[in-house]
Amino acid sequence: MSNYDFNSIEQTPLLKATDVIKQYRQYDDVVTAVNRATFNIFDGEFVVIIGASGSGKSTLLNLCAGLDRVNSGTITIKGQEITAMSADQLGRFRGNFLGTVFQNHNLIPQFTALENILVPTLMCNKPDVSYEETIKKLVSVLDLGDRLHHLPSELSGGQQQRVAIARALINRPLVVFADEPTGNLDKDNAEDVLELLLETKEVMNQTLIMVTHDLSIAERADRVFLMDDGYLKPWRHSDTLMYPAKKH
Amino acid sequence: MKNDRKTKTKGYNGFDRVLTPIKKNIKQYVCFFLALLLVQTAVMSLQLTFFSVRSDVEALISDGYTVTATAIIDGKETNVTYTRHMRIDYLTDQTRTYLENGVNSAVSIGQNNEFSFIDYETVIDAVGRKTFSAYVSLKEPLKENAAKFIEKYVDVLDVYVPGTKDNLAISYTPAYTVDNELASITADNVKAMLLATLLSVLALTLLYTININSFKHRYGVYMSFGADFKKLLVIASRELALISALILPISVIISVLVNALIIKAFTVTVTAFFISLAVTVGVSMVSITVAAILPIKRISVSAPVDLIVAKDNSDRVSSPRSSYRLFGASFPFKYEWLTTVRFRKHYVQTIISAALFCIVFVSCMCLSDMSRQDADTVNTAYEVAVYNQSIEDGDAYQKYLDGVEKILKLEQKYNFIDHASADNSVALPSLNSHVVLPMSSLASSKSHYVSTNDPEGLKAAAASEFNIASYNASTLKYLAEKGVISIDGDYSLLDSTTLAHGYVVVSEYINNEKAFDLSVGDKIYIATHTGGEIPSDYPIYSTLDSLEAQLEYMSFTYKTYTVCAVMREADDVGNATIIIPPDDYKNLCGSYPIATLKLNVKNGSDLLEVYSARTDMVRDLPAGFNWRLTDSTDYSGGVLLTSRRLPTLFTVFGIIMLLLSPLVWICAQTVFYKKRETEINTLIALGSPKSRIKRLYTFGACIVTVCALILSFAFGTLACLGLYAASEALSAYGFASLTGAKNASYDFAVPWLALTVSATVSALGGFVATVLPYAELEYTRNKNQVKHMSPIPKKNEREEK
Ligand SMILES: Nc1ncnc2c1ncn2[C@@H]1O[C@H](COP(=O)(O)OP(=O)(O)OP(=O)(O)O)[C@@H](O)[C@H]1O
Ligand SMILES: [Mg+2]
């Protein structure tokens, strides 16, 4: 992976973001969560975004996953400009090509773990996919076998997170956006989850974009971006000093 | 791969998928359950009522409703039915002949497609002219054929005898109007269904909008994983469809009961029942889908992230700028006040929604009152008369009088009959007769007499604006008891034993104006024409002209009578009346007096009950005479109206609507406080005493109660004023009023009861809906102290565990 030529200019990027700006307005204050972010991500890459808390990582990830709207700038995935799509088109696009692990899981509290995992299959019917096998695999790797029929409120934080990961992968998306997928897990579990994500990425030829505070994960990425108060820049090891000073 | 069995997706089928969110969020769905219950009940009971009324009306027509009589045919007593649709009054000898010829020629050349039967009746009008009434039986379709008949045979009369058209009066019998009514109640039903759909769409949209926060998170997640507008709409309407299917049986049971309440009998056929059911299901399906469109559209165009975080944002209750003194002296009042201001959108929305249903209720009560007033102005009566038969001998007359006695007694059997009245009066000029009275008996007006000498040679007055009538003492007594006449003197002298004495009862009023001043004991003379004729070129322009001509050209014998009583008629239109003994009546008129008896139906009676008694009444008519029973009700106001179903219908519908109001409250307030659960628990965690939390809720409840009380009262009054004004205006411009009545005018009365009930229900609903969440809070706090302590994401809480 390390010899992946990410400077290749002939290859068309899978995800292309240009001058993306996202601002939040509250009373008289304006918070610029993402400031003129411009970057390319290529097919099959594993990209990590790190940065201090509140620097705008989740916001950027949500924008790329088509879950939030940009104030200006364009984002293109697979040659399709998602920032120009209608809400309905975007919805179907998300269902067909994108999978998201939310930072705070966002499981539906009334549904059991299994029902939560199955939500994407109900929202978007991919005819050629057999879910039974995928579920069995995900459940065994994520070690959720005996918790499938429990409600999210009856699961631990880590278990909820694993359910959220299973939900993001069930539809075999093209691009997986994961916001701190290992944030609530102990070292061993975190390692298992990362292995799962990387393995499915290889098997299904996915692209993985992950937000994390874990520098050991960042080490294994093809590329790492640093989010610094809204500005996105490539990360070098020498930057370690500035980061993670503000981590809580 | 342990517990492999559990990973199977089997068992998570479509039904479960829809049911799960409903089952687990039952509180948010309760209001949808109730709303659909009310919508379905309203639609279904309207439908059942429609079918009941329709079958009633159909029964009326198939009964051969117009005229039913008992006649002797081949020596056997038989019920005969004359089905007639149209009557043309005031035909003269000449126009009658023209009409007859025209009609006959049409019949003879086989063009009688418009009618099947026509016959005539002789009528003598108030000034004694002989006129004819023609009765026509029309063929289907009645309305078109009536128009054709008039165009073909009646309008042309004007060509032969100019001015005929203005003098003729065309009226339609109930069978005609009732037939048209069928079409109009069907149209009304369609309109009512459209209105019901509109109202239920409105109600469900409101509920959705109020409840939308509870859907946001789930739908946001759905959207993150690929749901588009169509998918969300399907999910949302499938949920409501399931609710609607679950609640349907209850709605059906209630509707059948409501229908029984309105119609007072189970008259619905199986077919009608299933059509009603289908319409109910249809209306609820349409309103479910349509109601979901707008709110779901709004959700589907927002960014999923906004939907997912919306829940968390809603916890920020008080303004960051003014909440720093939360625990100051003014807590909780100031705090709650700030909350109210901050959530003003919620409050305004909820109060207006709840008030809306109160307005609909008050409006329904107003309409109910208006239609009751409409119904009270409908004059309902049956007319009973001996048809096409005269009585020439005394024995038959005695039998006839017995018959009349029997008919008057029908009042005791049918308690919807208020009273009967009788009329057998004949105008004196039509008999070429007049009365001579003493000069002293003249009241102020001069225009009613001609000076003459009485048979004893004294100066006297001759007058002909009198009707001759004849009733026996018991009939007079009955009429006096019922207030049809008031009578002074000893009218029992009229009875047969004293016939020879020549007594009469007189009235003194002509067209409500006192023309004569007679007293008991006065002598009057009634002229009998013995010979002579008025020349045809004699100019007659008034009754007095004809009287003068009589006196000049004719010869008379006079019979002397003594006034034994003076009466006053309640309905004092037209000539004064002289009641003479029956034998004298026969001498004057040629046959014994035959009265038209009018059985007046009590105001406010249930007309369908009256209709159904009709056949029995015909059977109760005394045998031996060609009696005819005619309904003289004007049905043009609508069968539903005249059958007095409309007020009940409005009332029931209004009450159903009123019940929606507390529903809106409970639904909105539960969701509101659910949203504030974290905030309140934080307050408790920060040390706010229980009593203060309690006061917080009470204060909220008070705000809501006061606002609801004032608003529903104010809006209710306005709605009511608006309805009356609109109805008056519609009538003034010749349209049907809001209740469907023509030429209606209403006594406006502020519906205090309805307003009080609606304001009370609204205020109580608001209060209870606000206190309920507190009761629940207390309950859950006692059960589980920490369960709701989650001011910050659950993640941290989990880690602490
Ligand atoms: N809905 C919102 N409204 C207003 N401001 C917001 C909103 N969401 C995020 N922000 C602000 O935007 C900035 C970036 O937030 P973001 O969630 O992207 O940070 P982050 O890098 O993911 O932090 P963390 O590592 O803590 O998850 C923050 O200052 C935050 O306060
Ligand atoms: Mg984040």
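A, B, ... follow the sequence lines: proteins, then strands. Residue 1 opens every chain. Atoms considered below: every heavy atom in the structure, side chains included; atoms not considered: hydrogens, waters and symmetry mates.
Residue A/F102 touches chain B through its side chain alone, counting heavy-atom pairs closer than 4.5 Å. With a 4.5 Å cut-off on non-hydrogen atoms, A/L98 does not touch chain B at all.
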Please output the side-chain donor-acceptor pairs of residues 285-297 of chain B that fall under 3.5 Å, not counting sequence neighbours, one pair per line with the distance.
from	atom 1	to	atom 2	distance (Å)
B/S287	OG	B/S200	OG	3.0
B/S287	OG	B/V283	O	2.5
B/S287	OG	B/S284	O	3.4
B/T289	OG1	B/M285	O	2.8

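What you find for A/D88 and B/S300 is that their closest heavy atoms are OD1-OG, 4.3 Å. Smallest separation of non-hydrogen atoms from B/V221 and A/N106: CG2-O, 3.5 Å. The shortest non-hydrogen separation linking B/F225 to A/M123 is O-CB, 3.3 Å. Closest non-hydrogen pair, A/R69 versus B/S302, comes out as NH2-C, 4.1 Å.
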Report the C-alpha distance between A/T100 and B/S224 in whole Å, list the side-chain angles of each, state the deciding distance to 0.1 Å, and finish with yes or no for side chain to side chain contact (heavy atoms under 4.5 Å, CB included). CA-CA 8 Å; A/T100 309; B/S224 305; 5.6 Å; no
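At least one donor-acceptor pair closer than 3.5 Å links the side chain of B/K231 to the backbone N or O of A/L122. The closest donor-acceptor contact from the side chain of A/R92 to the backbone of B/D228 lies at 3.5 Å or more, if one exists at all.
Residues B/H217 and A/P109 meet the side-chain proximity criterion, which asks for heavy atoms closer than 4.5 Å.
For A/D229, the salt bridge (Lys or Arg N to Asp or Glu O under 4.0 Å) criterion is met by no residue, not counting sequence neighbours.
In this structure, the separation between CG on A/N104 and CD1 on B/I308 is 8.0 Å, given to the nearest 0.5 Å.
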